[in-house]
Amino acid sequence: MRPRVIALPGNDALAGSIATRVGGELGGATVRPFPDGESYVRIDDRVEDRDVVLVCTLDRPNEKAVPLRLLAATARDLGARHVGLVAPYLAYMRQDRRFAPGEGLTSSYFARLLSETVDWLVTVDPHLHRHPSLEMMYAIPARTLHAAPVVAAWLRAHVPDATLIGPDAESVQWVTAIGELAGVPSRVLEKVRRGPRDVTVSLPTGVPLHGRTPVLIDDIVSTGSTMIAAIGELRRAGAAAPVCVAVHAVFAGDAAERLAAAGAARVVTCNTIPHPSNGIDVGKLVADGVAAVLESQPFAR
Ligand code: R5P
């Protein structure tokens with residue numbers, strides 16, 4: 001039986017790429033709120049005895065998690081063999097320790113919630129910092145895909161004279177990998193975050209800025225404060241206006257406008273979250289990753 005690929009609202013393009021790559025069939029689903037705020041979910045095509053692939057990127061996770069869980073339960077109830085989740089952006093990865101007494105370890109709790117919802121997970125560059133791998137957090141097979149090769153290819157084509165700059169220690173994993181693949185130098189700044197919008201960064205000496213195009217690389221732009229602080233520091237050091245590249249375009253509130261106003265030469269993101277800044281396509285990377293999971297069936301019990 002061919003896998004049934006079902007997009008949650010807003011995920012149709014990626015679901016189409018996945019269905020084509022895995023030889024699956026697209027399935028329809030209806031997900032909408034009832035007038036009282038509860039969720040109505042319906043699967044419109046047969047899923048009995050099939051592998052079901054739900055496609056739902058998880059920015060704005062609070063409004064998506066309940067419908068996703070209800071839809072996965074519906075698929076199981078209708079006889080699906082296994083239910084997997086493709087979430088190109090995986091939320092709740094940054095609260096990975098108790099920064100203040102009494103705080104919840106929400107990265108672990110969200111992992112538990114998803115592990116109870118689906119049989120397997122595929123995602124792109126989750127924000128792994130203090131957790132060394134997704135497998136340590138998730139009780140289901142969880143495949144991490146890396147956008148570095150696609151980002152590096154974009155840089156080679158569009159900014160061949162780049163100097164890559166990571167805004168903080170957490171970005172070193174992405175900046176180093178992309179720099180090596182693109183064949184350009186990379187350095188990492190030092191960041192102090194005192195609150196969501198209260199961020200300062202400092203530039204170490206010896207960063208080759210002159211005669212090259214500075215490219216800030218980060219996994220996530222959320223409030224934009226990290227990128228904005230880094231742009232300010234680079235401009236104070238006499239660098240040209242930097243190109244800002246991020247994997248996940250979370251862009252909370254007016255972050256995109258604030259980033260443009262801060263002096264970014266250009267803002268480019270991967271399409272793990274649909275956004276006007278998307279310029280780097282991870283569709284093939286994700287579709288290939290899902291095909292590999294379905295072929296190896298690591299979730300079969
Ligand atoms: C944290 O270390 C991440 O890698 C990003 O730097 C951070 O999430 C960006 O957040 P914001 O845009 O709110 O500064």
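All heavy atoms count here, side chains included; hydrogens, waters and symmetry mates do not. In listed order, ligands and their atoms are each counted from 1.
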Side-chain donor-acceptor contact under 3.5 Å, K191 with T226
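Indeed, the side chains of K191 and T226 share at least one donor-acceptor pair under 3.5 Å.
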Without placing hydrogens or testing angles, list every side-chain donor-acceptor pair under 3.5 Å for residues 135-154, not counting sequence neighbours.
{"from": "H146", "atom 1": "ND1", "to": "D125", "atom 2": "OD1", "distance (Å)": "3.1"}
{"from": "W154", "atom 1": "NE1", "to": "H158", "atom 2": "NE2", "distance (Å)": "3.4"}

For the pair R4 (side chain) and R46 (backbone), establish whether a donor and an acceptor sit closer than 3.5 Å, ignoring hydrogens and angles.
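Yes: the side chain of R4 pairs with the backbone of R46.
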Shortest non-hydrogen contact from A230 toward L216
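Distance-wise, the nearest heavy atoms are CB-CD2, 3.5 Å.
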Would you mind writing out the side-chain donor-acceptor pairs for residues 11-21 within the sub-3.5 Å range, not counting sequence neighbours?
{"from": "N11", "atom 1": "OD1", "to": "T57", "atom 2": "N", "distance (Å)": "3.0"}
{"from": "N11", "atom 1": "ND2", "to": "L8", "atom 2": "O", "distance (Å)": "3.1"}
{"from": "N11", "atom 1": "ND2", "to": "P9", "atom 2": "O", "distance (Å)": "3.1"}
{"from": "S17", "atom 1": "OG", "to": "A13", "atom 2": "O", "distance (Å)": "3.4"}
{"from": "T20", "atom 1": "OG1", "to": "G16", "atom 2": "O", "distance (Å)": "2.9"}
{"from": "R21", "atom 1": "NE", "to": "D288", "atom 2": "OD1", "distance (Å)": "2.7"}

Going by side chain to side chain donor-acceptor pair (under 3.5 Å), name the pairs with one or both residues in residues 257-270, residues two or more places apart or in two chains.
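Of all non-adjacent pairs touching residues 257-270, those that pass side chain to side chain donor-acceptor pair (under 3.5 Å) are T269-S277, T269-N278.
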Distance under 4.0 Å, heavy atoms only, partner ligand 1: which residues pass?
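Residues R94, H127, D168, E170, K191, R193, D218, D219, I220, V221, S222, T223, G224, S225, T226 each place a heavy atom under 4.0 Å from ligand 1, listed by chain and number.
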